[in-house]
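One structure is given here, and the rest of the page talks about it.
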Amino acid sequence: MEDQARLMSGLVGLSGLSQGDMGDHDALRKHHNLGQPQQDIGDILQQIMAITDESLDEAQARKHALNCHRMKPALFSVLCEIKEKTVLSIRGIQDEDPPDPQIMRLDNMLLAEGVSGPEKGAASAAAAAVAAAAGGSPNEGSIEHSDYRAKLAQIRQIFHSELEKYEQACSEFTNHVMNLLREQSRTRPISPKEIERMVGIIHRKFSSIQMQLKQSTCEAVMILRSRFLDARRKRRNFNKQATEVLNEYFYSHLANPYPSEEAKEELAKKCAITVSQVSNWFGNKRIRYKKNIGKFQEEANLYAMKTAVDAASVSSQASQANSPGTPNSGGYPAPCYTPDGRL
DNA sequence: TACGATGATTGATC
DNA sequence: GATCAATCATCGTA
C-alpha cells in the first residue's frame, strides 16, 4: 500500500494530475470495474517510474511494451476522464470568450474602407466618398481619386500578404502542436478535447497578433484619409481668369467690396468655384488690401484702367445707339477703404 | 531652398 | 450667419 502511494505520487508528475485526483483508488475501480485492477495498475505504474532510470533505447522499448499493454487503454481513459473533470473544467469557463468588440470594430472599418472584403467595389466606393468629401472639381477629383485608390490598394496588398503569412504560420504551428500532442497522447493522458482546446488557444494567440495588424492597417487608412480629406493640403491657386473676374469685381466695388449672395453665386459660376470659396477670397482680399493699400495700389490702378476702357467701350456703343451708358457700379471708385475697415 | 503669395481654417466679434 | 484677424499649409518662383 505504501509502495502504491509512492507510485501514485510519481504518476502525478507524469500525468499532470494533482495528488487529490489520484488519491482515490476506488474511483479507478468504480469507473472500469476491472478484475484485478490494483495489481495491473501497480505493474504499469512501476514500469512507468522505472523508465526514467533506463537508457533511451531501453525506454523506447519499454514505452512500446507499455503502449501494447492490455490495460493501457483503460488506464488512459480513466486518467483522461479525471483530468478533464479537474483541469479542463476550471479552464473551460474562461475559454468561452465572447467575440471581441474591438476586433469587430476593426473588421467593420476595414470592410467599409475596402481593405478587407471584396476588392473593387468597396475600395472605389471609399475612394469616391473621399473624392466627394474633398469637394474638388471633377477632374481634380478623379486625380485624387486614383491617387487615393492606388495608395489604398497598396495598403490592402500589404494587409493581405501579412494576413496570409500569419495564417500560414498559425496553421503550421497548429499542425505541429497537434502532431506533438497526438504523439504524446500515447503515453500521457491527453484527450482529443484537450488537443482541440490547445488549438483554440493557439488560434486566439494568433488572432491577437492579427488584431495588431488590423489596428496598424486602420491607422494607415486613417492617415491616408486625413491626407486626402484635409482641404488645406488640396489647395490649388485659382486660375488666372477666375482671379481676374474676382479682382475686377473687387476693385470696381471698392467702396463696398461685399458682394451679395446673388453676386457671389454669379461670381462662383463665372470662376467655376464654390460660393464659399468666393466668400473666402473676398474675406482674404479685404483684409490684405486693408493691411497694405500701398502694395495693392498698382493692381487697383490696373483694374481701374481696365474698367475705364470697358466703360468707354460700352459708352461709345451707347452713344452710337444715342443712349447714355452707365457702368454697372457707377464707375471705378477711388480707393476709400480706410485702414480701420470703415468706409 | 527660401520666401512671398494665396486659399482655407479657426476663434472672436457683431 | 457674416465678417474680421490670425494662422496654417501649400504653391509658385527666383
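Naming convention: chains lettered A, B, ... in sequence-line order (proteins, then strands); numbering from 1 in each chain.
- By the neighbour-count criterion of 12 heavy atoms within 6.0 Å, atom NZ of Lys285(A) is densely surrounded, having more than that number from other residues, nucleotides or ligands.
- Taking every heavy atom of both residues into account, Val275(A) and Ala268(A) meet most closely at N-CB, 3.9 Å.
- Of the listed nucleotides (dA6(C), dA8(B), dA2(C)), dA8(B) has the atom at the smallest distance from the side chain of Phe238(A).
- Summarising the geometry, the separation between CG on Asn239(A) and P on dT6(B) is reported as 14 Å, rounded to the nearest angstrom.
- Protein atom CG of Leu246(A) is 15 Å distant from nucleotide atom C1' of dA8(B), rounded to whole Å.
- Checked against the 6.0 Å centroid threshold, Tyr303(A) and Phe250(A) do not count as a close aromatic pair.
- Distance Arg286(A) CZ to dA5(C) C1': 12 Å, rounded to the nearest Å.
- Rounded to an integer number of Å, the gap from CD1 of Ile287(A) to P of dT6(B) is 15 Å.
- Taking atom CD on Gln277(A) and atom C1' on dA2(C), their separation rounds to 18 Å, with Å as the unit.
- In this structure, of dT9(B), dC4(C), dT3(C), it is dC4(C) that holds the atom nearest to the side chain of Lys290(A).
- In this structure, of dT6(B), dA8(B), dC4(C), it is dT6(B) that holds the atom nearest to the side chain of Asn237(A).
- You'll find that the side chain of Lys295(A) is closest to dA5(B), out of dA6(C), dA5(B), dT3(C).
- Rounded to whole angstrom, the span from the CZ atom of Phe282(A) across to the P atom of dG1(C) amounts to 22 Å.
- Atoms CG (Asn284(A)) and P (dT10(B)) sit 14 Å apart, rounded to a whole Å.
- OP1 or OP2 of dT3(C) has at least one side-chain nitrogen or oxygen of Lys264(A) nearer than 4.0 Å.
- By the 6.0 Å contact criterion, CD on Gln157(A) is open, its count of non-hydrogen atoms from other residues, nucleotides or ligands being 12 or less.
- Taking every side-chain heavy atom of Tyr258(A) into account, dT3(C) is the closest of dT3(C), dT7(C), dA5(C).
- Between Lys285(A) and dT6(B) there is no side-chain polar atom (N or O) within less than 4.0 angstrom of OP1 or OP2.
- The CG-P distance, from Asn280(A) to dC4(C), rounds to 12 Å in whole Å.
- Of the candidate nucleotides dA6(C), dT6(B), dC11(C), dT6(B) has the atom lying nearest to any side-chain atom of Arg288(A).
- A salt bridge links Lys165(A) with Glu162(A): at least one charged nitrogen is closer than 4.0 Å to a carboxylate oxygen.
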